[in-house]
Amino acid sequence: MASFSISFNFIFFLSLFFILSSHVVSPTSSMTSMEAEALLKWKASLPNTTQTLFSSSWVGSNHCNWIGVTCDGTGSVTNLSLADYGLRLSGTLHNLNVLSFPNLIWLRLRNNSLYGPIPKHIGNLSKLIFLDLAFNRFSGNIPSEICLSKSLELISLESNEISGPIPRDIGSLSSVSNIYLYDNYLSGPIPSSIGRLQNLFRFDLHNNRLNGSIPKEVGMLRSLYLLDFSENFLTGSIPTSIGNLSNLVYLYFSGNYLSGSIPSEIGLLKLLSALEFPANNLSGVIPISIGNLTNLERLFLSNNSLSGHIPQTYCNFTYFQLSNNHLTGPLPENLCLGGELIRLGVVNNSLTGPIPSTLRDCKSLYRARLEGNHFTGNISDAFGIYPNLDHIGLSDNNFFGELSPKWGQCPNLTSLRISNNNISGKIPIELGHATLLEELDLSSNNLIGEIPKELGALEMMSRLFLSGNRLSGKIPSEIGLLSHLEQLELASNNLSGPIPDQLGNCLKLFHLNLSMNNLGESIPSSISDVFALQNLDLSQNSLIGGIPKEFGKLKSLEILNLSHNRLNGSIPEAFNDLHGLSIVNISFNRLEGPIPDLKAFHEASFDALRNNKALCGNATGLRPCVLPSRDSHSHGRRTKVILLAMIPLFCGLLLLFILAASFITCCKKTPTRKSEPREEPLGDIFTVLGLNGRILHDSIIEATEDFCSDYCIGSGGYGTVYKAKLPTGQVVAVKKLHQSEESLLLNNLKAFESEIVALLEIRHRNIVKMYGFCSHPKHSFLVYELVERGSLRMVLSNNEEAKELDWTKRLNVVKGLANSLSYMHHDHSQPIVHRDISSNNVLLDSDYEARVSDFGTARILKPDSSNWTSLAGTYGYIAPELAYTMRVDEKCDVYSFGVVTIEIFMGKHPGDLLSYLSSSTPVPNDQQVLLKDVIDHRLSPPQSRAEKDVVTATKVAFACLNGNPQLRPTMQQVAEALSRQSLPLTSPFSAIKVGELLGHLVCNG
């Protein structure tokens, strides 16, 4: 019995042991089962295509053997990594219950197509160290719960579509060493709590929409190796605390709105290899301390407002980029001290002096851009042989001397730009050895001699620019070997001989300009083989013969200029097929017959068709073509009628002639006191209507040698302008009216003369004086005072004169133009509208004072035309409403004033800026360009008072460019605003503070 009791107890306790044991083991078994179920449930929620990918990857009962799944010794998942197996998952994490993975250390799902929000309960993964969801399409905010994962060391969420702010409590992740949030849509400020991330090694936030200032707490991140805040909307200054980051190697703040100076404390970052602050609003000088960063290899400070000298440097630069600032002085002598410089860019500064000697021997150089400075020195020995050089730009400087044949020994050179310098001598034939050369720009120098035929060996050449030199001889036929040639500019030289037939072999050529040479013979028909041709300019040569009928094959042609040659015959009928033609000029030839039935000809100005033999057709200044009669019988009958009518008329005229001759003979035989000729005074002969039409007419004819082209100084929409010195010693400008304008005024001469009387009384310091008018059966003309410097456009297009026109003078020009328009619009009983305000019609006197010309010409020639039947004004200055209504009023002048004002400050016509203003589509922030980047960089930036005045005048101009004419200010408001430096009420920028414009006003770039 006892033994039975012992056996029973043993069995009981043994059973109890197994029961208890089973209860101890079951939690692990249950947990691993739960993890497998969670993975399968997530898989089932994914799109069918993604599930198919898993069909061969997640098989078997043991999920620890599935691809991308790693478990610990107990079978619990520690690593879920689906980034390296080429699965390319799609779907969301909505059904992935991460709470089922309490031991998860690594969640890596990068480089898939996952989308939707990031699950908030990731923050409950207490053991999670690595979170990598990069290169997906996740959206929504970064969940603030992520800050609960205290073990996190890496957060990689880059290249998604995440928006909203960076979690404010991110500073609580004390273990994190790498944070990658770049290429998202994050906004708001950078939290100051980042200062608590003492272990942070890499911090990359570039290409987001973060704003506010850089928190000074960034200086507490002493472990930082990389800091990248580029391509955001950060403002304010760079904190001086940045100097505390003693371990920093890479520092990137490019493409923000940071202002102020670069702190000298950056010189404390002894390990710094890359310093990149381009495209900000930084000002002041480059700290001298930067030159002592001996480990610095990459310096990018382009597109700021930095000034002063570049500090001497002891760095081993590989990249040195300081373009588009206001830097002065020479380049550092030690620029290529280490012989490792790869890229050099200092475009558009005011740098001076010669090229450093270390640059001459810099064999590592790959790209060098030094355009738009004041560098001097003999270019013959300033540069050496560069085995790696791909591109070099030296244009718009003051280099002199001759081109070195060494350029031909740069085997990898693809682009050589040395335009607009003072280079002389011949083009070296050795350039033909640089066989990879694609672009050669030597235009606007003093080169002489012939174009080397050796250039024909440059098989890769696509752009050849040699205009504006003194090259002579023939165009070498070897140019025809350049099968990749796209643009050829040989204008303004002394080239002679024929245009080579071989140009027809350049089948990719779309731009050909041979104008202003001495080329002769006929135009080769082979040019018509160049089907890609869009712009053809052969003007101002001595070409003869007819226009080749084969030109009708040039279907891509948009611009054609054949003016000032000796072409004859008719325009080929094949031209009617050139429907893409938009601009044409065939003036000053010997062409005859009908013009083609094309919009380009019908809408051409009189100047584009004038001075030919007998052109006819539906265009300004041309007579209608006389169509041949359909019925010879009716023609004969009309001829008889004409003869019957002409015979009596002829007899009557003959009788009158006999009577007049008899009368004159009688007068000569019996002279009276009254018939004695009297001496006309030769004082100011331009009082009312010139006082004496004969004296005025004869004096002008004599002074201009019957309007010889040698005296021509310009041409406008109503006539050609000549310079004339009169017997009084007075020098005047004479506008000889086009034939079409003469016929208009002769039809209403009385009204015209009354307008002239009114205009003769106008006396305003900013309006060119009109002295008088003369009408003659042969020609009629208006006489004005001569303004010394010529047009504003001419001054702005000349680099030296444009530099003379400094900011103070430009502001005075703007004010003078505004005052003249205000005077004519508001100080007369009837407003006088100019109708053609452009930089061509704003003249500058010897003191650079603005003088508006042609005021009233449009009105006196067409006094009743408040509604015009054709678009008036100069293209690029015309108010947009004239595209759909032909009504011209004062607000059209206001718009044109706005265009000219912006042109004055930019130094060139605003072009794309006008398109941006007329567009209702906002420009993306990443495509915006700062105003400071588009104002004329030939001048130093405006300072103090001038800066404030330029800003105000620019705002006023923008108000004038409003697409709605009713919202534009009046010229009286504009003139008052400029005089007191405040904005008109209608200005769309009235809410913007004056000091903010240079930082925030943008235009389409």
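Just so we're clear, the structure is a prediction, and the values are computed from it rather than from any experiment.
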Handout entry: Between Ser563 and Asn561: side-chain donor-acceptor atoms closer than 3.5 Å
Key = yes
Exercise for the section: Indicate whether the side chain of Asn324 and that of Asn348 have a donor and an acceptor atom separated by less than 3.5 Å. Expected result: yes
Exercise for the section: Starting at CG of Leu512, measure out to CD of Glu486 and round the result to the nearest 0.5 Å. Expected result: 13.5 Å
Practice task
May I ask you to check whether Glu903 and Ser839 show a side-chain donor-acceptor distance below 3.5 Å?
Solution key: yes
Exercise for the section: Would you check if Asn420 and Asn445 make a side-chain contact, meaning some heavy-atom pair closer than 4.5 Å? Expected result: no
Problem - Test log, rule salt bridge (charged side-chain N to carboxylate O under 4.0 Å, His left out), inputs Glu785 and Arg851 - result: CA-CA 10 Å; Glu785 70 171 320; Arg851 310 292 289 274; 2.5 Å; yes
Practice task
Answer yes or no: is there an ion pair linking Arg938 with Asp936, defined by an N-O contact shorter than 4.0 Å?
Solution key: yes
Practice task
Mark yes or no: Arg789 above the aromatic ring of Tyr848, with NZ or CZ under 6.0 Å from the six-membered ring centre and no more than 45 degrees from the axis.
Solution key: yes
Problem - Between CG on residue Asn819 and NE2 on residue His764, distance to nearest 0.5 Å - result: 5.5 Å
Practice task
Would you please say whether a donor-acceptor pair under 3.5 Å links the side chains of Tyr895 and Arg968?
Solution key: no
Practice task
Nearest 0.5 Å please: distance from the CG atom of Leu560 over to the CG atom of Leu581.
Solution key: 6.0 Å
Practice task
Show your reasoning for whether salt bridge (charged side-chain N to carboxylate O under 4.0 Å, His left out) applies to Glu439 and Arg417.
Solution key: CA-CA 8 Å; Glu439 178 181 33; Arg417 300 178 181 175; 2.9 Å; yes
Handout entry: Check: Glu890 and Met971 side chains under 4.5 Å, non-hydrogen atoms
Key = no
Problem - Heavy-atom check, side chain of Pro942 versus side chain of Ile935, under 4.5 Å - result: yes
Problem - Check: Leu805 and Leu792 side chains under 4.5 Å, non-hydrogen atoms - result: yes
Practice task
Measure the acute angle between the ring planes of Phe375 and Phe399, then classify it against the limits of 30° and 60° as parallel, tilted or perpendicular.
Solution key: parallel
Practice task
Using only heavy-atom distances, determine whether the side chains of Ser395 and Ser419 contain a donor-acceptor pair under 3.5 Å.
Solution key: yes
Problem - Side-chain H-bond candidate by donor/acceptor type, Asn304 with Asn280, under 3.5 Å - result: no
Handout entry: Between His391 and Ser415: side-chain donor-acceptor atoms closer than 3.5 Å
Key = yes
Handout entry: Ionic contact status for Lys803 with Glu801, cut-off 4.0 Å
Key = no
Practice task
State the CG-OG distance between Asn585 and Ser515, to the nearest 0.5 angstrom.
Solution key: 11.0 Å
Completion exercise
CD1 of Ile418 to CD of Glu371, rounded to nearest 0.5 Å, is 10.5 Å
